[in-house]
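Every chain is numbered from 1 and lettered A, B, ... according to where its sequence line falls, protein lines coming before strand lines.
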Amino acid sequence: MNYWLMKSEPDVFSYDDLVKKKRELWDGVRNYTARNNMRAMKKGDLAFFYHSNIGKEIVGIVKIVKEAYPDPTTNDAAWVCVDVAPKQKLKNPVSLVDIKANPKLANMKLVKQSRLSVSDVTKEEFEEILKMSQTSLK
DNA sequence: GCCAACGTTGGC
DNA sequence: GCCAACGTTGGC
């Protein structure tokens, strides 16, 4: 089981949009590091859903329901997408400010490499954020 | 293969 | 809206 963090601008696609749609393909990624992370995802892996620009907070958890396959939004075989489904909303969102204020999370990719749209999260980081959000996994 | 120019992301 | 960070492109 691996953990990830995926960013989306909520005015384009929010966590609530995903809840409404029940399942969505995560396409349009055009960055090699992010792409490599998506290729490494396994069915059943969990990812935080982060709202960039507006909110700047982790609002929920999604589950990878389909592993990497060719991105239908391009003919370039270099790019892939995955399918995600909502797993659980956090009881309390965890903001970027909160994350930066927590020394245990100082090495998170979200902080260190703010532009990376799909990043990996360690088990320790994942659990720490769950704790901060006062959320227990169902 | 280096590096300058340029484009994009995202926090502030 | 600005700008820093950083990835990509293309000339040499």
Side-chain angles (χ1 to χ4, degrees):
Chain A
M1 164 77 77
N2 291 305
Y3 302 97
W4 311 94
L5 182 142
M6 302 170 97
K7 292 190 195 178
S8 180
E9 298 182 36
D11 54 344
V12 178
F13 189 73
S14 71
Y15 189 79
D16 288 338
D17 293 333
L18 179 63
V19 170
K20 270 180 229 149
K21 298 197 79 168
K22 301 213 166 45
R23 177 185 179 124
E24 183 67 311
L25 53 162
W26 205 274
D27 58 19
V29 171
R30 298 289 183 271
N31 170 284
Y32 287 104
T33 307
R35 194 271 321 260
N36 291 345
N37 284 332
M38 293 211 295
R39 278 190 177 162
M41 289 177 177
K42 296 290 177 199
K43 198 172 171 178
D45 280 357
L46 298 177
F48 285 128
F49 194 111
Y50 176 81
H51 282 174
S52 63
N53 289 312
I54 302 167
K56 279 166 279 183
E57 57 191 9
I58 297 171
V59 292
I61 302 164
V62 302
K63 186 166 61 175
I64 309 305
V65 292
K66 186 173 179 182
E67 292 176 16
Y69 61 101
D71 185 339
T73 64
T74 175
N75 289 323
D76 189 339
W79 306 114
V80 298
C81 63
V82 296
D83 287 2
V84 299
K87 160 89 177 161
Q88 204 173 319
K89 204 166 179 169
L90 293 188
K91 197 171 163 197
N92 300 295
V94 177
S95 72
L96 184 62
V97 174
D98 296 336
I99 289 168
K100 284 185 171 170
N102 186 334
K104 287 182 192 165
L105 301 175
N107 287 320
M108 276 194 77
K109 294 275 185 354
L110 179 67
V111 177
K112 294 223 144 186
Q113 214 178 330
S114 64
R115 288 184 49 199
L116 186 58
S117 62
V118 180
S119 60
D120 57 311
V121 173
T122 67
K123 191 170 198 292
E124 290 72 27
E125 290 163 351
F126 189 86
E127 283 167 0
E128 182 65 18
I129 286 166
L130 275 187
K131 203 164 90 184
M132 290 165 75
S133 68
Q134 300 177 305
T135 304
S136 48
L137 269 187
K138 280 177 199 155

Original post:
Does A:Tyr50 have any ring-ring contact (aromatic ring centres under 6.0 Å, His included) partners at least two apart in sequence or in another chain, and if so, which?
Top reply: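 If we apply the ring-ring contact (aromatic ring centres under 6.0 Å, His included) test to A:Tyr50, skipping adjacent residues, there are no hits.
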**OP:** Would you please say whether a donor-acceptor pair under 3.5 Å links the side chains of A:Thr73 and A:Asp71?
**Re:**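 Checked: A:Thr73/A:Asp71 side chains pair up, N/O donor to acceptor below 3.5 Å.
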Original post:
If we ignore angles and hydrogens, is there a donor and acceptor under 3.5 Å between the side chains of A:Ser52 and A:Arg115?
Top reply: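 A:Arg115 and A:Ser52 do not have a side-chain donor-acceptor pair below 3.5 Å.
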Original post:
Under a 4.0 Å heavy-atom cut-off, which of residues 93-114 of chain A touch DNA chain B?
Top reply: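 The stretch gives A:Leu96, A:Lys100, A:Ser114 as the residues lying under 4.0 Å from the strand, ordered by number.
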Original post:
Do the ring centers of A:Phe49 and A:Trp26 come within less than 6.0 Å of each other?
Top reply: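 Yes: the rings meet the under 6.0 Å criterion.
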**OP:** Considering only heavy atoms of chain A and a distance under 4.0 Å, specify the first and last nucleotide of DNA chain C in 5' to 3' order that meet this criterion.
**Re:**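 Contact span on the strand: C:dA5 to C:dT8.
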The criterion is salt bridge (charged side-chain N to carboxylate O under 4.0 Å, His left out); which residues satisfy it with [X], sequence neighbours excluded?
X	value
A:Lys66	none
A:Lys112	none
A:Lys100	none

**OP:** Determine the contact category for A:Lys56: base if any of its heavy atoms lies under 4.0 Å from a base atom, sugar-phosphate if only primed atoms, P, OP1 or OP2 are that close, otherwise nothing.
**Re:**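 A:Lys56: base contact, heavy atoms under 4.0 Å.
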**OP:** State plainly whether the residues A:Arg23 and A:Asp83 are in salt-bridge range, i.e. N to O under 4.0 Å.
**Re:**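 Here A:Arg23 pairs with A:Asp83 in a salt bridge, since their nearest N and O are under 4.0 Å apart.
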